[in-house]
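Computed over heavy atoms, backbone and side chain alike; hydrogens, waters and symmetry mates excluded. Letters A, B, ... are given to chains in the order of the sequence lines, protein chains preceding strands, and every chain is numbered from 1.
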Amino acid sequence: MAGQILSGLNSAQRDAVTSDADVVQVLAPPGSGKTKTLTARVAYLLAHRQLKPWNIIVCTFTVKAATEMKERIRKFVGDECAKQLKLGTFHSIALRYLKQYGVHIGLAKDFGVADTADSKAIVKRIIRQNDLSIDAGQARGRISTQKAKGIDSEQFARTCKSTEQQEFSQIYQDYQAMLDASELLDYDDLLLKCCTLLRTQRQCVANIEALLIDEFQDTNNIQYQLMSLFAQHRNVITIVGDPDQSIYGFRSAEIKNLSRMRESWPDTLTINLEENYRSSGAILLAAQHIIEQDEARPPKKLQATHAFGLRPILRKLPHAQAEAEWLVSEVKRLQTLTGNLLQPSDFAVLLRSAALSRVMEAALGQAGVPYRMVGGSRFYDRVEIKLLLDYLRVINTPTNSEALARIINVPARRVGETTVKALVEEARQHRTPLWIYIKAIAQGNRRSSTRIHETAMLGLRKFVGIILGGRAKAEANPSQPVAVVDVLNLVIKKLNFEKYLTEHYKEDHESRWSNVEELLAQATEASDPARLQSLLELSTLPAIDGVEQAELSTKDDALSVFLANIALTTTSLEKAEADGEKVSQLTISTIHAAKGLEWPVVFIPACYDGSIPHSRAEDNDEERRLLYVGMTRAQAVLYLSSPARNSQREEAVQSTFLNQPGVISFFEEHGPSISFAATKGLATTLGRDCPTQSELETCKKILDRDEDNYWPLNGEAPFTELAKADGIGFGMQNMQPATVFISTNTTMQQAANFPGAGLASAPGFTSLKTRFEEAREELSLAQVDKRAKSAKVIEGDKSKGRKRQIEGQGSIATFFGKPTLVKQSSSVGSLGSMDPTDDLVSEPLSKRLRPPLQDVANRGSERIRTGQGRRNLLQHKVRNAPLLQRPSTRVEDSGAPCSAYMFLSSSPTRQEEDLTAAEPSYEVVRDDREDAAQVRSATTFHTTTMQKIAPQRKTLGMRRSLQGWSARGDKN
DNA sequence: GCGCCCCGCTTTTTT
DNA sequence: AGCGGGGCGC
């Protein structure tokens with residue numbers, strides 16, 4: 001057994017795992033086998049100290065970490081045993097104790113959990129009511145900070161002096177009063193109340209034999225207290241952590257808890273892990289260099305175990321859009337040139353803030369690279385889901401006035417803002433929960449002091465009826481567990497919810513409805529008694545003499561438990577993968593959410609001042625650590641990049657962390673050349689089989705650019721890009737590139753079936769932006785030629801060489817000479833008419849052309865955050881998309897030489913089967929003169945795309961070669 | 001007075 | 001993608 005547990009551990013890890021010390025600190029830098037050590041320690045404690053799993057608590061910080069930890073422990077000790085451990089986030093473990101024993105400290109039995117939105121709403125209302133000028137978000141943050149320190153509203157009120165503090169104190173007190181009245185605990189309360197519980201009812205944790213904590217550097221004061229309390233009987237504690245990876249200071253994490261712990265338990269054994277098993281030497285060296293800029297930090301050893309490998313890349317790009325395009329091209333280049341040594345799932349894009357993902361998603365969606373977005377908004381935050389959950393919450397706890405106020409007029413019942421406001425205010429004055437008050441009014445037992453319209457009264461009655469109906473359902477059969485689904489179904493029926501969605505969200509009601517279906521599925525699952533049991537793991541919390549457990553049966557608390565857990569659950573990652581498609585997907589994530597994870601190739605875009613370090617960050621050292629955390633996620637290839645202008649077109653300066661003298665020597669200026677040797681190196685670092693040299697040669701032929709040499713290294717725009725900045729003012733800077741298909745009537749060469757074709761977008765697809773750039777280029781050439789001064793002139797110029805060239809290239813010249821982009825009626829985004837020959841300057845294109853970002857971005861991709869209904873959702877979306885409509889405007893034939901017209905449609909084209917294909921959302925319609933403007937069905941189009949496109953690809957190559965770029969298209 | 005719709009503005013990180 | 005404000009219609 002010991003052999004099994006210890007196999008594959010180095011000596012430091014072994015020491016940590018087998019130590020006889022009761023209190024062990026393992027300081028584990030990135031990639032040093034932190035989780036491995038912790039899981040092995042759990043297994044060791046079980047096997048060698050004969051501890052019982054239900055007497056062990058394992059705490060993590062994020063849901064994801066908990067999931068992963070559980071998975072790894074399961075592999076070690078088996079399913080049965082792993083299940084019995086008390087393993088979860090601090091918050092979820094606290095919730096379990098509170099649900100079980102909370103009544104002993106005066107908590108309501110079915111208290112709810114206030115999520116961020118609830119807290120925010122409460123604070124906002126208090127501020128409005130008291131006519132204060134404090135920012136709601138800030139006030140909420142301050143409340144949270146105080147709570148994290150363990151200071152409650154009364155304590156704070158006693159100590160505060162200045163009027164400003166008193167003002168805040170008032171908000172804090174009102175806020176707390178509001179939570180109490182609504183029987184809600186916010187996130188911080190979960191921890192605070194649990195501390196109170198364990199302090200007053202010590203027996204609750206009398207059984208706890210060992211406590212293990214992951215990512216200890218992220219604990220805040222209250223979590224530290226909680227740790228002490230969990231372990232108060234035996235004081236057996238193992239923690240792992242790394243001060244360099246402390247990135248939750250904003251949540252009041254205190255690095256000094258590490259030293260505090262050594263003071264509290266003087267016998268603490270500290271073990272340093274120093275070998276990194278994750279990253280190549282070059283990456284590690286660069287990361288070390290960055291983190292060492294922090295001079296206050298104690299020097300630390302970190303030994304690479306891998307070869308030096310490829311140096312990381314620090315790339316400059318002209319703007320955010322270009323950065324995204326470049327990133328995508330590098331993904332494709334690496335994937336193709338390494339002969340599929342790398343899958344999309346081997347790539348990660350790590351961002352300082354989730355909002356930065358938009359540009360990335362657009363570019364990836366564009367290129368048909370499947371991706372998933374981790375973090376960002378959660379499934380349960382979607383409006384339609386929140387709405388239903390609010391109904392459930394009110395049915396479960398009608399005193400929850402917050403939720404009540406939100407749903408009272410949704411769907412609209414003619415109970416308007418003014419009426420609601422009045423009711424809320426009156427209820428407040430009467431010191432009555434809103435629910436009691438409106439129920440009395442609706443039932444005619446009370447008169448409102450303000451007049452309520454007849455219609456409003458009707459609506460109110462209807463609403464009260466629904467809630468009462470729901471409650472009746474929930475209590476229908478006292479001997480049976482509440483079927484959460486039944487209640488949910490009732491609400492959906494009473495609200496006529498499907499119809500409501502259809503009417504209210506014309507565009508995407510399908511997807512919203514499928515989210516509802518997803519929620520129903522989850523409710524069904526939660527209604528299963530066995531499942532419910534495991535949700536709380538009731539069986540593992542011991543009945544203890546002297547502490548009477550709350551009569552927590554599965555009977556009447558199913559709903560309450562379901563709701564409380566939802567508040568603590570981000571969308572379940574494991575589930576998404578379990579039911580999942582085996583489509584390999586690139587990961588987009590915030591750096592925070594990426595902690596603890598690793599990928600062969602990591603991109604960290606937007607490395608500019610204001611993003612990282614973030615403009616609103618208070619602690620630059622923490623921002624630096626954040627960059628360090630991001631960098632150390634990479635195993636073999638690491639790209640950092642910064643645009644000269646951010647997505648708002650503001651000037652952006654490369655991050656100070658990267659601007660320091662000396663930093664540059666750790667980086668390359670552009671993506672690596674992928675030689676056979678380089679590929680072999682990657683394969684070794686990743687422990688994978690390397691493709692043969694001849695395979696790689698074949699792959700190389702596929703790309704028309706096998707080096708990262710399109711964008712100039714100095715961060716300026718390439719010639720084609722510069723053209724647009726010369727005063728013509730295309731205004732495309734903000735434009736998301738749209739894929740445009742150019743069809744010609746030439747036949748094709750091979751294209752589609754090279755390895756990796758699935759990932760690489762169909763060759764020849766080029767961005768609309770590029771199209772325009774090339775159009776611009778054409779224009780400037782024409783000007784130099786003195787052949788033409790404007791589009792019109794070119795159009796009229798049918799002379800010789802020029803003409804031939806035009807014919808050879810077909811669409812561009814045609815496009816330019818006789819641009820015929822015709823507006824389609826749109827179901828997704830608005831798409832303005834776009835005719836480059838008419839007034840180019842009058843209105844920025846970004847205004848006129850807005851591609852259906854969402855749709856393009858989602859194609860072939862899923863976002864984890866959309867929950868498990870995604871697949872259906874996509875299918876719905878595509879299947880029910882309106883068919884491409886005929887252009888409302890006929891193409892006018894000016895008589896210019898042309899071989900193709902382009903049509904843009906912002907509607908997703910209908911396609912029945914192939915969801916993964918990167919099919920166009922824009923379509924070109926060929927014009928064979930006889931049959932102009934014939935709209936081809938998308939399905940047909942799709943199958944012919946490849947053939948139609950290939951020659952165009954060659955054309956592109958030629959065009960580029962004009963400027964001296966290598967162009968594979970020319971060589972064949 | 002009330003409700004609905006459109007537009008423009010802003011967006012750190014997590015439980 | 002949400003929120004507040006303004007405009008408009010009932």
Side-chain angles (χ1 to χ4, degrees), chain A residues 59-66 88-95 113-121 124 128 136-137 141 144 147-148 185-191 215 218-220 222-223 246-253 350-358 374-378 380-383 386 409-422 450-456 459 503-506 508 564-570 589-595 606 610-619 622-623 625-627 629-630 646-648 830 847 853-854 865:
Chain A
C59 283
T60 66
F61 275 83
T62 60
V63 179
K64 204 163 55 175
T89 61
F90 272 99
H91 292 85
S92 74
I93 290 175
L95 174 69
V113 176
D115 63 18
T116 315
D118 296 319
S119 312
K120 200 171 155 195
K124 224 180 211 168
R128 244 201 314 250
S144 182
K147 286 190 174 182
L185 299 187
D186 68 14
Y187 289 129
D188 301 301
D189 284 341
L190 289 174
L191 304 180
E215 307 275 15
D218 291 331
T219 47
N220 62 28
I222 202 77
Q223 284 160 330
S246 167
I247 53 175
Y248 283 97
F250 69 93
R251 216 168 74 177
S252 308
L350 306 185
L351 307 166
R352 170 66 245 263
S353 51
L356 293 166
S357 75
R358 307 262 157 249
V374 182
S377 74
R378 309 175 306 157
Y380 300 112
D381 284 342
R382 322 204 119 228
V383 272
K386 273 203 76 115
N409 193 37
V410 190
R413 301 185 178 87
R414 319 226 34 111
V415 187
E417 207 183 315
T418 332
T419 313
V420 175
K421 234 184 211 156
T450 43
R451 176 180 298 276
I452 296 181
H453 276 260
E454 191 89 355
T455 44
E503 281 164 5
H504 218 257
Y505 299 97
K506 292 197 171 56
D508 56 352
N565 270 285
I566 272 182
L568 297 184
T569 314
T570 39
S589 169
T590 59
I591 300 177
H592 284 90
K595 194 157 152 204
S611 174
I612 189 164
H614 198 273
S615 51
R616 304 176 71 158
E618 285 163 21
D619 181 355
E622 177 155 315
E623 296 292 301
R625 291 193 293 269
L626 197 51
L627 181 59
V629 167
N646 66 17
S647 47
Q648 268 94 55
S830 59
K847 292 276 183 207
L853 218 189
Q854 205 55 44
R865 63 169 84 139

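Computed from coordinates, the A/Q223 CD to B/dT14 C1' distance equals 11 Å when rounded to whole Å. In this structure, the OH atom of A/Y187 is 15 Å from the P atom of B/dT13, given to the nearest Å. A/K64 has its NZ atom 9 Å from the P atom of B/dT14, to the nearest Å. In this structure, the CZ atom of A/R414 is 11 Å from the C1' atom of B/dG1, given to the nearest Å. In this structure, the CG atom of A/L350 is 13 Å from the C1' atom of B/dT13, given to the nearest Å. For A/K386 and C/dG2, the NZ to P distance is 11 Å, given to the nearest whole Å. Look at CD1 on A/I452: it is 11 Å from P on B/dC2, rounded to the nearest Å. At whole-Å resolution of the value, CD in A/E622 and C1' in B/dT13 are 8 Å apart.
Side-chain N/O atoms of A/K124 include one lying less than 4.0 angstrom from OP1 or OP2 on C/dG4.
When heavy atoms are screened at a 4.0 angstrom cut-off, A/Y248 is found touching the sugar-phosphate backbone but no base atom. Nucleic acid contact for A/V629: none, since no nucleic acid atom lies under 4.0 Å from a heavy atom of the residue. Heavy atoms of A/T455 sit nowhere under 4.0 angstrom from any nucleic acid atom.
Under the 4.0 Å criterion applied to side-chain N and carboxylate O atoms, A/D188 and A/R251 are not assigned as salt-bridge partners.
Residues A/A456 and A/H91 both approach DNA chain B. Their nearest nucleotides, taken by heavy-atom distance, put A/A456 toward the 5′ side. Judged by closest nucleotide on DNA chain B, A/A412 is the one of A/A412 and A/R251 placed further toward the 5' end.
Spacing between B/dT12 and C/dG4 at atom C1', rounded to whole Å, works out to 22 Å.
In this structure, A/F90 has its ring center under 6.0 Å from that of A/F61.
In plain terms, the two heavy atoms of A/I93 and A/C59 that are nearest each other are CD1-SG, 3.8 Å. Across all their heavy atoms, A/D189 and A/D186 have their closest contact at N-OD1, 2.7 Å. The two residues A/V63 and A/L568 come nearest to each other via the heavy atoms CG2-O, 3.6 Å.
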Polar atoms only, N or O, under 3.5 Å: list the protein pairs with nucleotides 9-12 of chain B and their distances.
residue : atom : partner : partner atom : Å
B/dT12  : OP2  : A/R616  : NH1          : 2.2
B/dT12  : O4'  : A/H614  : NE2          : 3.3
B/dT12  : O2   : A/R352  : NH1          : 2.9
B/dT12  : O2   : A/R352  : NH2          : 2.0
B/dT12  : O4   : A/R616  : O            : 2.7

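Every residue meeting the salt bridge (charged side-chain N to carboxylate O under 4.0 Å, His left out) condition with A/D118, not counting sequence neighbours, appears here in chain and number order: A/R393, A/R406.
Within 6.0 Å of NZ on A/K120 lie no more than 12 heavy atoms contributed by other residues, nucleotides or ligands.
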